[in-house]
Undergrad: 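Mind having a look at this structure? Questions to follow.
As the structure is a prediction and not an experimental result, all values here were calculated from the model. Counting convention: from 1, in listed order, for ligands and their atoms alike. Values reported hereafter were calculated over all heavy atoms of this structure, with side chains retained and with hydrogens, waters and symmetry mates removed.
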Amino acid sequence: MNANPTIPATMLVVVVATPGGPEALQVVERPVPKPACGEVLIKVAAAGVNGADLSQRRGTYLLPPGTPDILGLECAGTIVAVGEGVTDWAIGAQVCALLIGGGYAEYCAVPAVQCLPIPAGVSLIDAAGLPEVAMTVWSNVFEIGRLAPGETILVHGGASGIGTHTIQLAHRLGARVLATAGTDAKCRRCEQLGAVKAFNYTTQDFVAEARRLGAVDVILDMVGGDYIRRGLELLAPGGRLVMLALKQGARLELDCGLIQSKNLYLTGSRLRPRPIAEKGRLVSAVRKAVWPLIDSGDVKPIVDSTFPLRAAADAHRRMESGEHVGKVMLVV
Ligand SMILES: NC(=O)c1ccc[n+]([C@@H]2O[C@H](COP(=O)([O-])OP(=O)(O)OC[C@H]3O[C@@H](n4cnc5c(N)ncnc54)[C@H](OP(=O)(O)O)[C@@H]3O)[C@@H](O)[C@H]2O)c1
């Protein structure tokens, strides 16, 4: 291992004491990890807060094997040590990284293949909120959902971290974007980011409204339940509905004739349990396809708010308030 001599023996991290509300988050001291073969050690500057962290805190999240008990699916910072076999990154490099966990911490060890450079003009703090959204959206919307230029996508949760990135990227890559959100103000924000129209799902029927505006080819769904049936009704022949989350339930009665008669695709995925090699492949694909658009400022990190690491509970409260637009960040 090649390491910076100033690395301390211990660090502060955030873990879940007993599953429950935001107060369940606890700041504790842990040994600083040593990077294993193929890993780098990052001195964390900031970590992104994700919907999955909230579920993990509540004890309702299915954790993949090997997940550390330290929360955090993404971070950005400076590499301070490199493990055996790492040739792509050196000590001193500033990176952001996709993690299986461990981002709510002062230091984090991560496979080198899951690191990306900090895009031009983006702060370390803002960059920490990019890996999870960029990887999720590229994989689900463009690889699995096969969204093509000239097609239309409907993005549920348009004002979420995932939603704000999807709207910008799909718009920049030539798709027509529709979105849903829970307030008129959030809808206007979605339209500023590139949606041709956003619907307030508390007052409008997104199926009827979207139909008025033409065919929908892809739906990115993070709601589930009845949204799946309504989405399948809305989709044009050959359409794809990609499920990211199932907040409103995973079980429903469905007329599969809808799928068969319109040649629809109903699919979904989870990013976190994927093997390191698959995450590495995805990181390379995103670096090639998406990073240039962030470097040029065409796609921006949308950061709602920042909290100190010690105030992780307040960051979770902010996410749970549903008032945020874009990412909530922890600054270390
Ligand atoms: N499968 C995967 O690999 C993967 C990866 C990353 C994220 N995700 C999931 O994707 C979702 C977004 O993640 P995030 O971190 O960006 O979280 P977030 O910012 O908290 O987003 C949650 C969003 O859900 C929206 N929502 C809730 N009920 C809705 C409804 N009935 N209709 C339309 N929208 C509704 C909320 O919109 P309003 O506030 O406007 O109501 C909010 O914008 C989370 O559920 C997360 O678990 C999945």
Undergrad: Looking only at non-hydrogen atoms, find the nearest pair between Asn200 and Cys187 and report the distance.
TA: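 Closest pair (atom of Asn200, atom of Cys187, distance): N-SG, 3.4 Å.
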Undergrad: Which pairs with one or both residues in residues 160-201 pass ring-ring contact (aromatic ring centres under 6.0 Å, His included), sequence neighbours excluded?
TA: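 Listed by first then second residue: nothing to list.
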Undergrad: Would Arg211 count as a cation-pi partner of Phe206, with NZ or CZ less than 6.0 Å from the six-membered ring centre and within 45° of the ring normal?
TA: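 Not satisfied by the 6.0 Å and 45° rule.
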Undergrad: Please report the closest heavy-atom contact between Thr67 and Arg272, naming both atoms and the distance.
TA: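 So the two residues come closest at CG2-NH2, 3.4 Å.
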Undergrad: When clusters are formed from ILVMFWY side-chain contacts under 4.5 Å, directly or step by step, what else is grouped with Ile91?
TA: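 When side chains under 4.5 Å apart are linked, Ile91 ends up in no cluster with other residues.
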Undergrad: Applying a heavy-atom distance cut-off of 4.0 Å, which protein residues contact ligand 1?
TA: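 Lining ligand 1: Asn50, Gly51, Glu132, Thr136, Gly157, Ser160, Gly161, Ile162, Thr180, Ala181, Gly182, Lys186, Tyr201, Met222, Val223, Tyr227, Leu244, Ala245, Lys247, Gln248, Ser269, Arg270, Leu271, Met319, Gly322, His324.
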Undergrad: Anything under 3.5 Å between a donor and an acceptor, one on a side chain of residues 241-252, the other on a protein residue two or more places apart or in another chain? List them.
TA:
none

